[in-house]
*Asks:* 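Pasting a structure here, questions to come.
Throughout, protein chains are lettered first and strands after them, A, B, ... in sequence-line order, and every chain is numbered starting at 1. Treat the numbers as computed from the prediction; the structure is a model and nothing was measured.
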Amino acid sequence: MSTATHEESTPDMEQFHPHRRWYRRPSVVVPVVLVVLGYSILVSPLIQEQNFFRPDVTADGSVSFDWNFFIHLTPLMLQGLVVTVKATLIGFLLAVVLGFFLALGRRSHRRWLSWPVTAVIEFIRSTPLLVQLFFWQALVRSSEGINLQPITILALGLGIHYATYCSEAYRAGINSVDKGQWEASTALNLSPVTSWTRVVIPQAVPNVLPALGNYLVAGFKDAPMGVAVNVHGLLFFADQVRNDTFRATEPYLIAGVGFLLVSLPAAWLVRRLEKRISYERV
Amino acid sequence: MDSWLLSGSQYRLLVEASGTTVQILVYSFVVGIILSLVVGVARLSANVWVRGVALAFVEFARGISSIILLFIVAIALPILFGAEQAPLILLATIALGINMGGYGAEIIRGAIQAVPKGQTEASISLNLSPAQRLRHVILPQALTIILPPMGNLTIEILKGTALVSLVGMTDVMQMARNIRQQQLADAVGTQPVLFLNVLILYFILAQVINLLFKLAEAAVARRYEGGPALTEAELEAIR
């Protein structure tokens, strides 16, 4: 995703420096950075789920808000936050891929395919994610032989929920490609696969990127719901500190602060992307 | 899965609990609409301070997740301000209302900006006060633009009401969990079927909201389809 935009943003540089070193080429560096980041966050055991959030300072019992306690909760909060971010990223990966196929299914001319897909999309879109999470959890528990971690259930639920949103974005993006492009690729005798991968998708994706970014931020906002299925994320941290220390104000407020620290920059980045793409289109 | 249906008494419990869900939805809708009107208009104010405060509110309400906001408002703030006896439904309404207000303000701001500028200039030249201008000229025209996204937002808030079960209110979601506890104790029934039925209940509620907004859109479209935009009483009120 970001490779394409990065390349587009520096076309003139490419002309003047055709033989840059590999580490100065966005087309090489961006995937490498993404893969390393993705591996370190999603796959490697570098970041582990914390089982017990136990603060090492105790609060002053006489006041209703203790700044010292508040500050010292930060490292624990960050551990919870990372788990939440991780679930969001895995879920969004699923949503982006699954959403595309849902969009294709909905656009299909075969009614036996497009009608059920439309019904499923509408159903998932208008029901709460929380209930869906419970549903997936119950489904996993009642089926034999399948045993999923809570974080996997959360990522699955988030992914399926936001796949329906993403599919609408894709559908709008694909519909925004000019009809003449389809006719031209038919006239050039391109196979359906070629006209999709080489003509339609490259033009549709830049239009879709801002919407996808918005859904990533929205998915991050829903990820703390994982506390309901026992994901050891941001709200689980706050709940556990409250149960441990009988103090509710500090953990929940610092959870809110940590959340804003991620979501506001993310929203700002998406807005910048949106502006940049609309600027390039004009 | 032996049966796709629950027993009659379980359905009755769920429908009773959906009363709480609808109640929270209506309350937070009212709070949300008021907030979004006030903040949406304030976002376009000539005063820099008013604009800044409105922008900060919108950024906060849209940046924070509704579930974290709910936990802060329902659990952390009452202790901080020593109001631990505050009714939960009020706190839940405030949290969901703030959440809706942030998104609604942007919808209303966009709709007001979409009304042609000549309308504002004409009503200034007709010596209408700013309040009259907003009430009788700008908002009625913005309404056709506001309604469709507001319908979607209301469905989002309906989805948000499921969260209040996590802070201890008995809405549909909490009732479903109670029924599940009962099922576990009796060792009968399958859990996915229970939650599937709850999902369908929420889907029906969402479709009702959808229908209401479609009706409202049709009513607005009928009203502004030629003919006088203002009724006699409204004309009288302006004079």
Side-chain angles (χ1 to χ4, degrees), chain A residues 63-65 84 88 119 122-143 161 214 217-228 234-235 238-239 242 246-268, chain B residues 1 21 59-60 62-82 84 99 103 152 155-166 171-174 176-177 180 183 189-207 209-210:
Chain A
V63 289
S64 66
F65 189 87
T84 301
T88 312
E122 287 304 322
F123 185 76
I124 294 180
R125 263 167 66 94
S126 52
T127 50
L129 176 59
L130 185 66
V131 188
Q132 288 173 15
L133 285 179
F134 277 110
F135 174 75
W136 294 121
Q137 190 192 32
L139 196 66
V140 167
R141 277 189 185 164
S142 66
S143 55
H161 192 82
N214 279 329
V217 177
F220 179 58
K221 281 180 211 159
D222 280 348
M225 254 179 235
V227 71
L234 198 57
L235 272 178
D239 273 351
R242 176 169 72 139
F246 301 106
R247 296 189 62 86
T249 352
E250 291 93 350
Y252 288 113
L253 283 180
I254 201 161
V257 169
F259 192 85
L260 284 177
L261 280 183
V262 178
S263 81
L264 286 184
W268 179 77
Chain B
M1 292 183 204
T21 295
E59 286 296 316
F60 171 76
R62 298 202 314 170
I64 200 155
S65 122
S66 52
I67 178 169
I68 289 190
L69 186 64
L70 185 67
F71 271 76
I72 289 178
V73 171
I75 298 174
L77 292 189
I79 296 178
L80 196 61
F81 295 119
E84 283 166 55
N99 195 29
Y103 289 94
N152 287 339
I155 292 179
E156 292 293 323
I157 297 301
L158 169 71
K159 288 158 69 178
T161 57
L163 301 176
V164 300
S165 64
L166 296 179
D171 70 329
V172 177
M173 182 70 232
Q174 185 59 40
R177 288 166 85 182
R180 189 180 124 202
Q183 280 184 346
T190 44
Q191 298 168 0
V193 172
L194 167 67
F195 287 115
L196 197 63
N197 278 288
V198 175
L199 283 174
I200 291 171
L201 183 58
Y202 272 109
F203 183 67
I204 293 171
L205 285 176
Q207 293 314 307
I209 294 173
N210 218 342

*Asks:* Supply the atom-to-atom distance Asn210(B) CG to Ser126(A) OG, rounded to the nearest 0.5 angstrom.
*Replies:* 8.0 Å
*Asks:* Below 4.5 Å, heavy-atom pairs only: which of Gly256(A), Ala266(A), Ala218(A), Ala228(A) has the largest tally toward chain B?
*Replies:* Gly256(A)
*Asks:* Of all the heavy-atom pairs spanning Leu253(A) and Ile72(B), show the shortest one and how long it is.
*Replies:* CD2-CG2, 3.7 Å
*Asks:* What distance separates Gln132(A) CD from Leu199(B) CG, expressed to the nearest 0.5 Å?
*Replies:* 6.0 Å
*Asks:* Select, from Ala176(B), Ala162(B), Ser65(B), Ser165(B), the one with the greatest count of heavy-atom pairs under 4.5 Å involving chain A.
*Replies:* Ser65(B)
*Asks:* Tell me, side chain or backbone of Arg125(A) under 4.5 Å from chain B's heavy atoms, or both, or neither?
*Replies:* backbone
*Asks:* Mark yes or no for whether Lys221(A), through its side chain, and Ile67(B), through its backbone, hold a donor-acceptor pair below 3.5 Å.
*Replies:* no
*Asks:* Taking all non-hydrogen atoms of both residues into account, name the closest pair between Ile68(B) and Ala255(A) and its distance.
*Replies:* CD1-O, 4.2 Å
*Asks:* Check whether any side-chain heavy atom of Met173(B) sits under 4.5 Å from a side-chain heavy atom of Pro128(A), and report yes or no.
*Replies:* no
*Asks:* Out of Leu158(B), Ile200(B), Leu69(B), which one racks up the most heavy-atom pairs below 4.5 Å with chain A?
*Replies:* Ile200(B)
*Asks:* Could you walk me through whether Ile75(B) and Arg242(A) pass the side chain to side chain contact (heavy atoms under 4.5 Å, CB included) check?
*Replies:* CA-CA 10 Å; Ile75(B) 298 174; Arg242(A) 176 169 72 139; 3.6 Å; yes
*Asks:* Under 3.5 Å, side chain of Ser263(A) to main-chain N/O of Gly63(B), donor-acceptor pair present?
*Replies:* yes
*Asks:* For Phe134(A) and Arg177(B), work out which heavy atoms get closest and say how close.
*Replies:* CZ-NE, 3.5 Å
*Asks:* How long is the span from the CG atom in Asn197(B) to the CZ atom in Phe135(A), to the nearest 0.5 Å?
*Replies:* 10.0 Å
*Asks:* With a 4.5 Å cut-off on heavy-atom pairs, point out which of Ile155(B), Leu163(B), Leu77(B), Thr161(B) contacts chain A the most.
*Replies:* Leu163(B)
*Asks:* How long is the straight-line distance from CG of Leu130(A) back to CG of Leu166(B), given to the nearest 0.5 Å?
*Replies:* 5.0 Å
*Asks:* Please name the pair of heavy atoms, one in Lys159(B) and one in Thr127(A), separated by the smallest distance, quoted to 0.1 Å.
*Replies:* CE-O, 3.4 Å
*Asks:* Roughly how far, to the nearest 0.5 Å, is CZ of Phe123(A) from CG of Leu196(B)?
*Replies:* 6.0 Å
*Asks:* Flag the one option from Val227(A), Leu260(A), Asp222(A) with the top tally of heavy-atom pairs under 4.5 Å to chain B.
*Replies:* Leu260(A)
